[in-house]
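First listed ligand is number 1; within each ligand, the first listed atom is number 1. Keep in mind it's a predicted model, so treat the numbers as computed, not measured. Along the sequence shown, residues carry numbers from 1. For the numbers below, each heavy atom of this structure counts, side chains included, while hydrogens, waters and symmetry mates do not.
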Amino acid sequence: MPKLIVLSGPGGVGKSTIVQELKKRNDFHFSVSVTTRPPRVGEEDGVAYHFVTENEFQKMINDDSLLEWAEFAGNKYGTPANQVNEKLTHGLNVVLEIEIDGARQVRKSSPEAKLIFISPPSWEELVKRLEGRGTDSSERRAERLALAQEEMAAQNEFDFVVVNDQLERVIEQLVSLAAGNSGK
Ligand code: ADP
Ligand code: 5GP
């Protein structure tokens, strides 16, 4: 059975890094989210995200074409439903890398989805990673840290918690979960 796998967790924990690594494998497929956030340096439209205007985003909500969507740190993010459904229909495992509110929506609409919380080895390490990324202003970082604290509190709503200490170990665990070696 193809699986819908949701990766969530606090900003800076390493979700994008994990996704980049998973993309090197053939057993996972991905959805490209839409966002109203401006592209960061080096982000190409249609690769990490489809960058859209507020109006375009609103139209997708009105057309009911998003599987889930949420506002995060002042910007909107959403998963186009058609991409995901098409891939699942073709028997492919689909990975969504989304924030917590979106994960909650997927839980409701797709109860069979596997919800995985990526957790940092410690709070100090999370702060270090968030600051080390250097892509946000200091004001933005403070805002993201406050959000991260809230996000950490949601981890017991998830089916699995995977600690992102060593990347290779995390990938092994996710491959094993996708293969159905544990859990629901
Ligand atoms: P997120 O997508 O969750 O916001 P990123 O993937 O952008 O997080 O990672 C935030 C920072 O943490 C990056 O600088 C990344 O290189 C680093 N990082 C990710 N995974 C690890 C890991 N396992 N060990 C050490 N640093 C990591
Ligand atoms: P960033 O701006 O750092 O790329 O992403 C900010 C947050 O938005 C991250 O937690 C990321 O997982 C989340 N995100 C990315 N795409 C989506 C999406 O389609 N839906 C939801 N709900 N969150 C998303």
Side-chain angles (χ1 to χ4, degrees), residues 4-24 30-52 56-57 60-61 65-85 94-110 113 115-137 140-141 143-152 154-155 157-158 161-174:
L4 180 57
I5 297 163
V6 176
L7 296 184
S8 214
V13 74
K15 299 182 296 297
S16 318
T17 308
I18 291 168
V19 165
Q20 269 172 25
E21 209 49 45
L22 289 177
K23 280 187 173 160
K24 297 178 188 161
F30 298 84
S31 124
V32 180
S33 295
V34 288
T35 183
T36 60
R37 163 168 84 59
R40 295 190 183 123
V41 175
E43 279 183 336
E44 213 179 304
D45 190 32
V47 182
Y49 290 104
H50 295 291
F51 296 98
V52 298
E56 287 167 330
F57 198 98
M60 295 185 85
I61 297 174
S65 60
L66 298 177
L67 179 68
E68 59 72 36
W69 71 273
E71 197 153 338
F72 181 90
N75 297 299
K76 295 192 179 84
Y77 299 82
T79 305
N82 58 357
Q83 285 185 36
V84 174
N85 294 335
V94 181
V95 176
L96 304 183
E97 191 252 275
I98 59 178
E99 54 67 69
I100 312 276
D101 280 344
R104 289 185 178 123
Q105 293 168 44
V106 175
R107 153 82 78 226
K108 281 197 190 133
S109 59
S110 314
L115 268 62
I116 300 172
F117 188 92
I118 308 293
S119 175
S122 65
W123 175 254
E124 290 70 27
E125 176 64 20
L126 180 65
V127 174
K128 215 166 86 186
R129 287 185 193 173
L130 206 50
E131 295 188 342
R133 198 167 59 180
T135 47
D136 296 313
S137 67
R140 239 313 133 84
R141 265 203 307 273
E143 193 183 359
R144 280 183 182 247
L145 274 177
L147 268 172
Q149 230 158 2
E150 277 176 37
E151 291 173 314
M152 286 297 291
Q155 58 179 295
E157 295 175 38
F158 283 71
V161 177
V162 172
V163 178
N164 181 18
D165 44 13
Q166 284 170 344
L167 201 53
E168 306 83 72
R169 205 186 59 83
V170 172
I171 302 302
E172 271 172 33
Q173 276 186 287
L174 294 178

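Closer than 4.0 angstrom to ligand 1 by heavy atom are P10, G11, G12, V13, G14, K15, S16, T17, R129, R133, N164, D165, L167, sorted by chain and number.
Which parts of ligand 2 touch R37 is read off a 4.0 Å heavy-atom cut-off, strictly below it: atoms 1 (P), 2 (O), 4 (O). Of all atoms in ligand 2, listed by their number and element, those nearer than 4.0 Å to a heavy atom of E68 are 18 (C), 19 (O), 20 (N), 21 (C), 22 (N). Below 4.0 Å from some heavy atom of R40 lie the following atoms of ligand 2, by number and element: 1 (P), 2 (O), 3 (O), 4 (O). In summary, the atoms of ligand 2 found under 4.0 Å from a heavy atom of A70, numbered by their order in the structure, are 22 (N). Every atom of ligand 2 is numbered from 1 in the order shown, and the set under 4.0 Å from a heavy atom of G78 is 18 (C), 19 (O), 20 (N).
To the nearest 0.5 Å, atoms CD (E131) and CZ (R144) are separated by 13.0 Å. A distance of 10.5 Å separates CZ of F72 from OG1 of T35, quoted to the nearest 0.5 Å. The CG atom of L4 sits 9.0 Å away from atom OG1 of T79, with the distance rounded to the nearest 0.5 Å. Residue T36 holds its OG1 atom at 7.0 Å from OH of Y77, rounded to the nearest 0.5 Å. Expressed to the nearest 0.5 Å, how far CD of Q105 lies from OG of S110 amounts to 11.0 Å. Rounding to the nearest 0.5 Å gives a distance of 12.5 Å between CE of M60 and CH2 of W69.
The protein non-hydrogen atom at the shortest distance from atom 16 (N) of ligand 2 is S33 OG, 3.2 Å.
Taking the charged nitrogens against the carboxylate oxygens, K128 and E124 have no contact shorter than 4.0 Å, which rules out a salt bridge. Look at R169 and E172 and you find no salt bridge, because none of the NZ, NE, NH1 or NH2 atoms lies under 4.0 Å from a carboxylate O.
The distance criterion of under 3.5 Å between nitrogen or oxygen atoms is not met by E43 with respect to ligand 2. Residue Y49 places at least one N or O, backbone or side chain, under 3.5 Å from an N or O of ligand 2.
Side-chain atoms of Q83 come within 3.5 Å of backbone atoms of V32 as a donor-acceptor pair (strictly under, hydrogens ignored).
Among S119, S8, P120, the one residue that satisfies the side-chain contact (heavy atoms from CB on, under 4.5 Å) test with V13 is P120.
Close to ligand 2: R144, with a non-hydrogen atom less than 4.0 angstrom away.
The residue among E71, E99, E97 with a heavy atom at the shortest distance from atom 12 (O) of ligand 2 is E97.
Only the side chain of F72 comes within contact range of ligand 2, with a heavy atom under 4.0 Å; no backbone atom does. The residue R104 has no part lying near ligand 2, judged by heavy-atom distances below 4.0 Å. Here K15 has side-chain heavy atoms under 4.0 Å from ligand 2, and that is the only part of it that gets that close.
Listed by chain and residue number, nothing satisfies the side chain to side chain donor-acceptor pair (under 3.5 Å) test with N85 (two or more places apart in sequence, or in another chain).
Side-chain contact between F117 and P10: present, with at least one pair of heavy atoms (C-beta onward) separated by less than 4.5 Å.
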